[in-house]
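By convention in this document, chain letters (A, B, ...) are assigned in the order of the sequence lines, proteins followed by strands, and residues within each chain are numbered from 1.
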There are 2 protein chains.
Amino acid sequence: MSWNQQLGKKFNKELILKEIFLHSDISRGDIIKETGLKKATVANLVNELIDENLILESGEEASTGGRRSKKLKFNEKAGFALGVDIGVNYIYGVVVNLRGEIIFEDVQTIHSAAFETYFERIISLIHLLMNKVPPCPYQIVGLGMAIPGIIDTGGNVLDAPNLQWKNIELKRMLEEIFQFPIYISNEANAGAYAEFTFTQNKEANNLLYLSVGIGLGVGIIINGKIYQGNNGYSGENGHTILNLNGKTCTCGRKGCWEAYASEHAALKEAENLINETSLTLEQLVQYADENNEKIRKLFQEIGFYIGIGITNLIHTFNPEKIIIGNSMTKAQRYVELALLETIEANTYPAHFETVSVEFSSLRGQAIAIGAATFIIDQFIELSSS
Amino acid sequence: MSWNQQLGKKFNKELILKEIFLHSDISRGDIIKETGLKKATVANLVNELIDENLILESGEEASTGGRRSKKLKFNEKAGFALGVDIGVNYIYGVVVNLRGEIIFEDVQTIHSAAFETYFERIISLIHLLMNKVPPCPYQIVGLGMAIPGIIDTGGNVLDAPNLQWKNIELKRMLEEIFQFPIYISNEANAGAYAEFTFTQNKEANNLLYLSVGIGLGVGIIINGKIYQGNNGYSGENGHTILNLNGKTCTCGRKGCWEAYASEHAALKEAENLINETSLTLEQLVQYADENNEKIRKLFQEIGFYIGIGITNLIHTFNPEKIIIGNSMTKAQRYVELALLETIEANTYPAHFETVSVEFSSLRGQAIAIGAATFIIDQFIELSSS
DNA sequence: AAAACTTTGTTTATCCGATAGACAAATAGA
DNA sequence: TCTATTTGTCTATCGGATAAACAAAGTTTT
């Protein structure tokens with residue numbers, strides 16, 4: 001609420017740490033230029049960060065006519081975080097260092113099962129991950145878990161329709177078993193945070209991450225922070241209506257975006273088109289690779305609908321960047337062109353020219369990494385105090 | 001960027017000033033409880049604020065068993081701000097005190113004219129307002145102006161389609177004439193800021209203001225601050241598509257929200273329904289008052305479409321509060337029921353129960369007051385430094 | 001009415017952060 | 001080797017917050 005000197009110090013220390021995180025091999029002098037802090041302040045705080053093992057001195061820069069500067073590096077091996085991405089038919093877990101780089105990963109397929117079975121499998125995966133953490137000053141700094149559903153601010157899963165989970169106190173249940181901090185997030189928010197933190201050096205402060213998987217959700221980064229709304233239910237854009245009286249959605253209403261632009265929509269439509277059942281998205285992509293015109297046209301349509309929804313997002317948020325992730329990235333080469341053409345045709349030039357729309361480069365790993373990143377951020381805020 | 005002691009002091013001083021602004025007749029002790037600051041800090045900063053004429057001591061509270069506490073009041077008469085709301089056929093100007101209360105207002109009708117004519121009339125209105133400012137310590141703290149169009153962060157009007165203004169350096173032009181600070185904002189943003197600041201004691205940190213006038217726009221408050229996107233073009237929700245291949249919008253595309261839910265849409269539809277031309281919204285309301293069933297049904301439909309768009313906003317933002325303002329408030333009693341029923345039918349209970357949807361109580365004055373409020377906020381941040 | 005207690009607000013001494021400027025260290029070029 | 005230059009540290013000082021003593025102004029108890 002109010003301010004005091006300790007908070008100010010913490011703020012500056014974090015500022016310096018972030019600077020070093022983003023620009024490896026930066027010198028103390030560079031930090032002075034970037035932050036506007038004075039010599040002595042930077043020297044003091046840098047030395048404290050070294051004492052805390054959060055950064056390292058790593059060799060010296062070439063001289064520019066005087067004493068050589070020492071290079072500073074973020075010590076990404078000071079601790080490790082666990083990230084788990086719960087999918088409809090898989091559990092994907094990672095161990096990442098403090099820079100979000102994966103040092104171990106494991107994926108387990110799971111077929112529609114009761115929550116109890118799911119939970120047991122999750123716990124055993126976490127134990128597996130814990131055993132892969134190397135010795136280091138801070139050990140396991142925490143666990144982040146991403147769920148395709150609505151999560152409230154207390155870490156409770158209110159509704160995850162595709163998993164058929166309802167009202168589960170997931171955070172509390174995990175905290176009873178594990179000693180480290182735990183953060184439960186929505187799948188799209190985790191993806192958004194990973195993209196924001198680990199690509200393009202955080203240049204875009206207003207970023208949207210479009211998770212197009214079985215369902216469709218949006219992760220919203222505003223002013224460099226995740227926006228979760230009043231109770232954590234924001235970004236449910238899969239259920240915004242863009243075609244009144246259109247196709248019926250799984251939610252029972254008509255014309256939702258998700259009913260037109262999602263893996264679920266693609267599979268359902270494809271089953272009608274080519275008269276096959278229990279298709280997968282991978283199969284559809286393969287059919288398209290084999291020049292199946294019906295499937296190629298289907299992907300173009302999906303691209304069109306994703307594009308229309310994105311124009312709505314652009315008119316709402318005027319974002320710097322929109323990143324498309326989750327399973328639909330597998331069909332990137334068949335949806336991308338239609339998608340971009342649709343956006344260009346439906347936005348003002350002033351809007352279109354200032355936004356970049358890209359597919360995620362982190363691919364399937366984004367969500368687990370993002371989940372872990374929430375915990376890494378919490379750790380960094382706590383430790384540099 | 002970085003922090004220092006002066007910034008910290010400024011922050012605390014502003015915190016105290018806001019506390020006094022929001023809770024009149026608060027005592028020093030109450031401020032200590034609310035902010036967590038310590039006795040001496042509050043005493044020092046309060047005395048500085050008194051010296052700067054920003055607050056006043058106003059009598060004493062009854063005793064509760066010891067020395068009586070002195071009541072503190074925000075000195076809303078320390079300075080005055082000018083607010084101007086540019087409409088399609090009117091210019092509305094106000095002089096407000098630092099609390100945003102109108103002490104003088106003037107409205108001038110203007111018929112579709114070239115920008116030069118508009119500009120002259122605006123200048124003469126501003127001179128009229130300036131003459132109504134009473135003598136006070138800080139004089140005129142600035143001018144805020146709201147425009148129904150797209151404004152960039154430099155105060156340039158990029159496009160105001162209903163005024164037919166394009167690429168006008170409005171802020172620069174006004175600064176050449178007047179000496180005080182000037183802030184140009186979008187109409188919906190101004191409305192949002194007025195509602196946020198002057199109603200309900202700023203309890204809702206995530207608030208949307210829906211401006212339903214000739215066109216339709218949204219002002220977005222996130223974490224207590226106005227959100228304007230990357231270049232100031234956010235909230236153009238009038239042109240989000242909610243009915244693919246539906247009605248043609250003034251922007252040339254099909255199915256925009258604005259084509260269904262705006263004064264323009266209502267008038268166009270009414271002309272077909274009752275075979276009259278050059279109708280006004282006031283006339284339609286009167287027809288409805290006279291039990292014209294066709295018009296009443298039309299308003300119900302408008303309410304339905306506003307409601308559908310609001311459900312999309314709720315799924316996107318999960319806001320605490322949505323306030324509907326601008327000219328459509330005149331038809332509140334005919335659109336409200338259909339609107340609320342549509343929202344309830346199309347949202348999850350978890351979403352619906354945590355959002356309040358209301359009509360603006362500031363009515364037509366909100367936009368001008370909000371425009372002035374941006375300037376008042378700037379003044380308060382500058383002065384308490 | 002005097003004494004004791006309570007509440008409110010001010011003053012004083014101290015603490016802790018940032019910071020200016022002196023100083024030390026390390027290097028290139030003359 | 002000497003000088004200029006750059007980098008990094010040390011020291012004295014400044015400006016905030018704050019704890020604790022103090023003063024002021026009331027109520028309650030005796």
From [atom1] of [X] over to [atom2] of [N], roughly how many Å is that when rounded to an integer?
X	N	atom1	atom2	result
A/K10	D/dA17	NZ	P	19 Å
A/Q6	D/dA19	CD	P	10 Å
B/E61	C/dT8	CD	C1'	13 Å
B/L49	C/dG9	CG	C1'	16 Å
A/I31	D/dT7	CD1	C1'	13 Å
A/R28	C/dA26	CZ	C1'	14 Å
A/N12	C/dT19	CG	C1'	12 Å
B/N4	D/dA17	CG	C1'	15 Å

Could you work out which one of [options] sits closest to the side chain of [X]?
X	options	answer
A/E60	C/dT27, C/dT8, D/dG8	C/dT27
A/K39	D/dA17, C/dG17, D/dT9	D/dT9
B/K38	D/dG26, C/dT8, D/dA19	D/dA19
B/L45	C/dT8, C/dC16, D/dA17	D/dA17
B/Q5	D/dG8, C/dA18, D/dG16	D/dG16
B/K9	D/dA17, D/dG8, C/dT8	D/dA17
B/S63	D/dT27, D/dA17, C/dG9	D/dT27
A/N47	D/dT7, D/dT9, D/dG16	D/dT9

- request: Describe the nucleic acid contact of A/K70 in one word from base, sugar-phosphate, nothing, applying a heavy-atom distance below 4.0 Å.
  value: sugar-phosphate

message: What contact category does A/G29 fall into here, base, sugar-phosphate, or nothing, at under 4.0 angstrom with non-hydrogen atoms?
response: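 The residue A/G29 makes sugar-phosphate contact but no base contact.
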
Taking OP1 and OP2 of [N], is either one under 4.0 Å from a side-chain nitrogen or oxygen of [X]?
X	N	value
B/T41	D/dT18	yes
B/N44	D/dG16	no
A/R68	C/dT27	yes

- request: Specify the residue among A/A40 and A/G66 whose closest nucleotide of DNA chain C lies further upstream toward the 5′ end.
  value: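 Going by which nucleotide is closer to the 5' end, it is A/A40.
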
- line: On DNA chain C, more 5' by nearest nucleotide between A/T64 and A/G36 is A/G36

- request: For the pair A/R28 and A/E57, evaluate salt bridge (charged side-chain N to carboxylate O under 4.0 Å, His left out) and give the outcome as yes or no after the intermediate values.
  value: CA-CA 11 Å; A/R28 287 169 175 76; A/E57 283 185 330; 2.8 Å; yes

query: Hey, are the side chains of A/L82 and A/I375 touching, using non-hydrogen atoms and a 4.5 Å cut-off?
result: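 They are not in side-chain contact.
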
Check: B/F80 ring centroid to B/F379 ring centroid under 6.0 Å: no

task: Please report the closest heavy-atom contact between B/A78 and B/N53, naming both atoms and the distance.
output: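 That would be CB-O, 3.5 Å.
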
field: Minimum heavy-atom distance A/I376-A/A81, with the two atoms named
entry: CG1-CB, 3.7 Å

DNA chain D: 5'-proximal contact among A/K33 and B/G8 (nearest heavy atom): A/K33

query: Got a donor-acceptor pair under 3.5 Å from the side chain of A/R67 to the base of D/dT6?
result: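 In this structure, the two groups form no donor-acceptor pair.
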
field: Side-chain H-bond candidate by donor/acceptor type, A/N231 with B/T354, under 3.5 Å
entry: yes

